[in-house]
Every structure is written in C-alpha cells, then in structure tokens.
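FYI, the numbering just counts along the sequence from 1. Being a predicted model, the structure only gives us computed values, none of them experimental. Below, each value reflects all heavy atoms present in this structure, side chains not excepted, and no hydrogens, waters or symmetry copies.
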Amino acid sequence: MLVSHLRKIAINKAWVHYAPRYGVALFFLLNFISIICYPGTTLIDPSSKSYSFIYNFFSDLGRTQTFINSDGLTYNNFFSAVFFNNSLFMCGTIFIFYYLNVISFFKGSNLYTLAKIGSSFGMIGGVCFIGVGLTPSDFVHDAHIVITDWAFRFFTLNAFLFSYLIIKSEKISNKFSIGYLLFAFLLFFYVFVVEIGGMPKKVSMEHLAYKVVWQKVVVLSFIINSFFQSFWGPINNKEDN
C-alpha cells in the first residue's frame, strides 16, 4: 500500500509545476528566519553579532554551534540550524520528485534515455541536498564538504544535459534552456573555483568574501532557475516559441 501511495505521488504533475514555486517561497521564509536566529561569528571574525551575507556561507546557518566568539566560546545555533537544515530537506525532496516527474515530458522521443540520465543526476543532487542538511559542518565537517561538493557536481551535469534536452525537444519551448544554460555555466565556474582554488590554511577577508559571494550568486541562480522551470508546458511545435 505504501509503494502504491508513493507511485501516485510520484506521477503527480503538481511536483513539476507547483512544488517548485511554493518551495522557493518556503525556502526564502525558512532561510530568512534562520538568518534572524543566527547569533553571529564567521570563519575568521569572532566579533560579528549576526549573519553576514559577505562572510558567512549558507552552511554556517546549519551548524549546531557557531564559530568561536570573542570570549573563546561558541553560541548555541539550534534554532537557526533547524530552519536551515529543514529548508534543505524540503528542497532535496522537491528536486527528487520534480525530476522523477519531468522525465514524462520526453517519453516517446529519442531523448528519453538521455532525459532519464539527466533526471538521475538531478535526483541524486536532491539526495545530496538532504545529506547536507543531515551533516552540520561543525559536527561532521569532512562528510559535509564531500556531500556539498557532489551536490554541485551532479547539478552541473544535470543543468548541461537539460539545456541540451530542451533545445533538442520538440515539446518544450527553447526559452527554458536559457535558465539552465546560465545556471550550468555559473555552477561549472563555482565548482572549478571551489575544487581547484580550495580554501587556504590562512584565510583572508577578501578570499572568504570572494567564496561566499560566489556561493550566494550560485544559490540565487539555483532558486531563479527552479522557479522558471516550473512553468514548463508541452507545445505543439517549435514554431510556437
């Protein structure tokens, strides 16, 4: 009965159109509350008293304890972590079911196999998002970094494949490839910077800001693209673009 119920959920097209839209709104709300609850400190500034958009990574919100403060102690970050990590769990779940459903747009075409591969990357990326929420960086740092890196890698592959799929498809307007292409190149650049550039042992304010701001750009593009793609709809032919 449970399997049957899940299959009914999985084929519900509301996961393609409505879940991403409401998910974006809820993601903003949960992260807004999380930011308000964050008591302060950054990787290299123990004196900060609130969340910094320039010097705090998003994952800092999910820490169980903050970085060491000016008194040599840490703040309890329970409330901020609860809201942030639940926002990741929600996003991961939406992405899993979104890509499970979006495959149906390519059924009956020679793009179907490639669509299943691209969707698999998206679903694995969704699982990684849930994993990031389950591995606070102060508690299981190495696992958190690995899962985060792989989330970005899988979504980079997913974005490039879906850009191609949309352009080649006769059922989806080419305009939807724009969001995926921009997102794909931003992700590729970010993955390149993070994995090749790394984080030096002695981090400067400028280097930290560079990393943090680029992460914010990628996350914002992620949100915009997710919302934009929720308006997918079959068209009769490409001449209607």
Side-chain angles (χ1 to χ4, degrees), residues 13-32 53 57-59 84 87-106 111 114-133 147-169 171-194 211-235 238 241:
K13 289 186 178 180
W15 283 104
V16 175
H17 299 297
Y18 300 112
R21 301 174 201 175
Y22 294 128
V24 165
L26 190 54
F27 180 83
F28 272 117
L29 177 61
L30 291 176
N31 278 271
F32 177 72
F53 284 92
F57 288 101
F58 265 118
S59 58
F84 175 76
S87 77
L88 287 178
F89 184 86
M90 174 202 68
C91 284
T93 302
I94 288 175
F95 278 122
I96 291 169
F97 284 104
Y98 174 86
Y99 283 109
L100 189 62
N101 281 279
V102 88
I103 302 172
S104 63
F105 282 89
F106 301 94
L111 298 171
L114 192 59
K116 288 194 288 185
I117 296 172
S119 292
S120 296
F121 288 144
M123 287 187 280
I124 296 172
V127 171
C128 287
F129 269 17
I130 294 173
V132 171
I147 295 172
T148 301
D149 287 348
W150 277 105
F152 285 123
R153 292 175 193 175
F154 279 118
F155 276 116
T156 300
L157 294 171
N158 163 267
F160 275 118
L161 279 176
F162 266 84
S163 299
Y164 174 80
L165 287 166
I166 294 170
I167 291 172
K168 299 296 291 184
S169 175
K171 296 182 178 180
I172 304 168
S173 173
N174 284 341
K175 64 185 179 183
F176 290 107
S177 67
I178 298 173
Y180 265 117
L181 277 173
L182 291 175
F183 176 53
F185 282 111
L186 283 172
L187 259 179
F188 179 80
F189 179 77
Y190 182 71
V191 168
F192 178 82
V193 169
V194 169
K211 294 278 191 179
V212 169
V213 170
W214 260 108
Q215 186 197 56
K216 298 293 194 303
V217 170
V218 168
V219 171
L220 183 60
S221 69
F222 215 129
I223 293 170
I224 293 173
N225 184 57
S226 299
F227 181 79
F228 186 54
Q229 300 306 327
S230 71
F231 291 93
W232 274 28
I235 59 175
K238 287 193 171 184
N241 289 4

Phe106 vs Lys116 side-chain heavy atoms within contact, under 4.5 Å: no

Closest approach of Met90 to Phe27 (non-hydrogen atoms, all atoms of both residues): CE-N, 3.8 Å

Least distance between heavy atoms, Ala159 atom then Ala184 atom: CB-CB, 3.6 Å

Residues 215-224, side-chain donor-acceptor partners within the protein, below 3.5 Å, at least two apart:
| residue | atom | partner | partner atom | Å |
| --- | --- | --- | --- | --- |
| Gln215 | OE1 | Phe58 | N | 2.9 |
| Lys216 | NZ | Tyr51 | OH | 3.1 |
| Lys216 | NZ | Phe53 | O | 3.4 |
| Lys216 | NZ | Asn56 | O | 2.7 |
| Ser221 | OG | Val217 | O | 3.4 |
| Ser221 | OG | Val218 | O | 2.7 |

Mutual orientation of the aromatic rings belonging to Trp150 and Phe154 [parallel < 30°, tilted 30-60°, perpendicular > 60°]: tilted

Pairwise distance OG1(Thr156) to CG(Leu186) - rounded to 0.5 angstrom: 10.0 Å

From Arg21 atom CZ to Phe227 atom CZ, the distance as rounded to the nearest 0.5 Å: 6.5 Å

Distance (rounded to the nearest 0.5 Å) between Ile167 CD1 and Ile178 CD1: 9.5 Å

What side-chain donor-acceptor pairs closer than 3.5 Å can you find for residues 124-132, not counting sequence neighbours?
none

With Ser163 via side chain to side chain contact (heavy atoms under 4.5 Å, CB included) - residues at least two apart: Tyr180, Leu181

Partner set under side chain to side chain contact (heavy atoms under 4.5 Å, CB included) for Leu29, not counting sequence neighbours: Leu26, Ile33

Candidate list Phe155, Phe185, Phe152, Phe183, test ring-ring contact (aromatic ring centres under 6.0 Å, His included), partner Tyr190, passing option: Phe152

Student check: side-chain heavy atoms of Leu165 and Leu114 closer than 4.5 Å: yes

Approximate separation, where rounding is to 0.5 Å, of Asn101 CG and Trp15 CH2: 8.5 Å

Asn31 side, atom CG; Cys91 side, atom SG - distance, nearest 0.5 Å: 8.0 Å

Phe84 backbone acceptor or donor facing Ser87 side chain under 3.5 Å: yes

Pairwise distance CD(Gln229) to CZ(Phe162) - rounded to 0.5 angstrom: 9.0 Å

Non-neighbouring partners of Thr148 that pass side chain to side chain donor-acceptor pair (under 3.5 Å), sequence neighbours left out: none

Distance-minimising heavy-atom pair for Ile103 and Ser119: CG1-OG, 3.2 Å

Counterpart residues, ring pair (Phe, Tyr, Trp, His ring centres under 6.0 Å), relative to Phe228 (two or more places apart): Phe176

Note, Tyr98 side chain near Pro20 side chain (heavy atom, < 4.5 Å): yes

